[in-house]
Amino acid sequence: MDGAPPPASPAGLSAYVAVSQLLGLTLLATTGAWLGRYQGGVAWHSPLQFNVHPLCMVLGMVFLQGDALLVYRVFRHETKRSTKVLHALLHGLALVIALVGIVAVFESHRTKGTPDMYSLHSWCGMAAFVLYLLQWLLGCGFFLLPSASFSLRGRYKPQHVFFGIALFALSIATCLLGITEMLLFNIRDSYSHFVPEGILANTLGMLLLAFGLVVGYVLTRDDWKRPPLAEELALSMDFKTLTEGESPG
């Protein structure tokens with residue numbers, strides 16, 4: 001009925017989303033505290049340029065990517081088109097920020113004469129970024145542009161959903177590898193003595209895991225999926241009729 005309030009969110013969903021955001025903000029604050037207190041801070045044209053890399057990767061490839069995945073759970077009563085656009089914009093912003101982080105690490109390595117792309121962290125990181133970019137381009141092509149047919153969208157959607165969650169997990173795993181690598185480079189001799197920097201960095205790693213687990217739980221609860229609105233069902237049938245030549249009946 002017109003004017004009726006939208007149905008309430010499923011029980012527990014809002015609480016889990018709130019916890020995810022609290023964890024995400026704590027994650028960013030802890031990253032900033034580690035880089036500021038023990039790594040000298042962040043700057044571009046200076047020896048501190050490398051520190052731009054972990055900050056951008058945590059912000060883009062973890063926090064913003066996680067929030068982009070949650071869009072369809074949080075915005076349950078807005079139009080599908082606006083939700084798709086927000087989903088794509090957040091992923092696009094995450095890609096831009098991650099690209100800044102990649103440029104920073106390559107420029108820092110070139111300035112210091114450090115070799116590139118030899119570690120497992122760098123291999124996983126480059127794979128995550130390239131696949132994430134491909135996932136974003138394919139998602140825009142299939143779901144935002146009107147050229148893809150209804151059946152083609154339906155066949156691609158399960159792959160898009162799976163690789164979205166898989167790339168989020170890969171991004172967190174890559175960050176954990178990067179934290180360990182930085183600690184072994186910087187405090188190799190004192191790490192085993194529970195020094196404050198090691199404890200703070202380990203805490204950052206646990207926050208990464210906690211954020212990933214909470215976001216993953218929200219995404220995998222079938223009863224928390226965004227229900228289609230009535231007008232969206234009608235539009236889907238019209239789109240299917242136009243692209244497949246089938247009758248809505």
Side-chain angles (χ1 to χ4, degrees), residues 9-10 12-35 53-75 86-99 101-102 105 119-136 139 158-183 198-226:
S9 297
L13 173 60
S14 298
Y16 272 90
V17 171
V19 169
S20 74
Q21 297 311 288
L22 179 60
L23 285 170
L25 294 174
T26 306
L27 177 64
L28 293 176
T30 306
T31 304
W34 179 35
L35 296 176
H53 174 71
L55 181 62
C56 285
M57 291 313 185
V58 170
L59 174 59
M61 295 295 287
V62 177
F63 182 65
L64 287 178
Q65 183 180 178
D67 276 4
L69 295 175
L70 290 176
V71 160
Y72 286 105
R73 301 296 189 270
V74 175
F75 299 98
L86 179 59
H87 178 73
L89 285 175
L90 285 174
H91 279 309
L93 180 59
L95 278 167
V96 171
I97 293 173
L99 180 60
I102 291 174
V105 74
S119 66
L120 179 60
H121 165 69
S122 61
W123 287 25
C124 290
M126 190 56 68
F129 179 79
V130 172
L131 291 174
Y132 189 35
L133 175 60
L134 181 62
Q135 166 91 341
W136 184 72
Q159 285 76 31
H160 185 73
V161 172
F162 169 78
F163 282 108
I165 297 176
L167 286 172
F168 180 60
L170 176 59
S171 299
I172 291 177
T174 303
C175 286
L176 294 176
L177 288 172
I179 291 171
T180 303
E181 190 174 287
M182 284 185 68
L183 290 175
I199 293 173
L200 182 61
N202 287 349
T203 302
L204 174 59
M206 297 306 294
L207 287 169
L208 282 164
L209 284 175
F211 180 72
L213 288 173
V214 173
V215 171
Y217 180 74
V218 173
L219 293 176
T220 54
R221 279 283 298 263
D222 287 338
D223 54 327
W224 287 356
K225 288 182 178 180
R226 181 185 187 274

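Heavy atoms only: backbone and side chains are in, while hydrogens, waters and symmetry mates are out. In this text, all values refer to a predicted model and were calculated from it rather than measured experimentally.
- At most 12 heavy atoms of other shown residues, nucleotides or ligands fall within 6.0 angstrom of atom CE in Met206.
- Contact annotation: the side chain of Gln21 approaches that of Asp67 to within less than 4.5 Å [non-hydrogen atoms, C-beta and beyond].
- Of the possible polar contacts, one joining the Trp136 side chain to the Ala88 backbone as a donor-acceptor pair under 3.5 Å is found.
- Put simply, CG on Leu209 and CG on Leu204 are 10.0 Å apart, with the number rounded to the nearest 0.5 Å.
- Atom CD1 of residue Ile97 and atom CG of residue Leu64 lie 5.0 Å apart, to the nearest 0.5 angstrom.
- Under a 3.5 Å cut-off, the side chain of Gln135 and the backbone N or O of His160 do form a donor-acceptor pair.
- Here the OH-CG distance, from Tyr72 to Leu86, works out to 9.0 Å after rounding to the nearest 0.5 Å.
- Screening residues 121-134 for side-chain hydrogen bond (donor to acceptor under 3.5 Å, both in side chains), with sequence neighbours left out, gives His91-Tyr132, Ser119-Ser122.
- Distance check: Thr30 OG1 to Leu207 CG gives 5.0 Å after rounding to the nearest 0.5 Å.
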Residues Ile179, Met182; criterion side chain to side chain contact (heavy atoms under 4.5 Å, CB included); working and verdict: CA-CA 5 Å; Ile179 291 171; Met182 284 185 68; 5.9 Å; no
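- A 4.5 Å side-chain heavy-atom check between Met61 and Thr174 finds every atom pair outside the cut-off.
- The aromatic rings of Phe63 and Phe211 lie tilted to each other, with the angle between the two planes from 30° to 60°.
- Shown here for Leu183 and Gly198, the closest heavy-atom pair between the two residues is CD2-CA, 4.3 Å.
- Closest non-hydrogen pair, Val218 versus Arg73, comes out as O-NE, 3.4 Å.
- For the pair Pro10 and Trp224, the tightest heavy-atom approach, listed with the atom from each and the gap, is CB-CD1, 3.4 Å.
- Gly164 approaches Gln65 most closely through the heavy-atom pair O-OE1, 4.0 Å.
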Leu99/Leu95 under side chain to side chain contact (heavy atoms under 4.5 Å, CB included): CA gap, chis, key distance, verdict: CA-CA 6 Å; Leu99 180 60; Leu95 278 167; over 6 Å; no
Derivation and outcome, side chain to side chain contact (heavy atoms under 4.5 Å, CB included), residues Cys175 and Val62: CA-CA 9 Å; Cys175 286; Val62 177; 3.7 Å; yes
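- Ile102 has its side chain within reach of Met57: a pair of non-hydrogen atoms, C-beta onward, lies under 4.5 Å apart.
- When every heavy atom of Ala94 is checked against every heavy atom of Gly60, the shortest pair comes out as CB-O, 3.2 Å.
- Among all heavy-atom pairs drawn from Leu35 and Pro54, the shortest one is CD2-CG, 3.9 Å.
- Looking at Leu59 and Thr31, their side chains never come closer than 4.5 Å, going by heavy atoms from C-beta outward.
- Rounding to the nearest 0.5 Å gives a distance of 9.0 Å between CZ of Phe162 and CG of Leu167.
- Between atom OG of residue Ser20 and atom CG of residue Leu27 there is a gap of 11.5 Å, rounded to the nearest 0.5 Å.
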Derivation and outcome, side chain to side chain contact (heavy atoms under 4.5 Å, CB included), residues Phe163 and Leu131: CA-CA 9 Å; Phe163 282 108; Leu131 291 174; over 6 Å; no
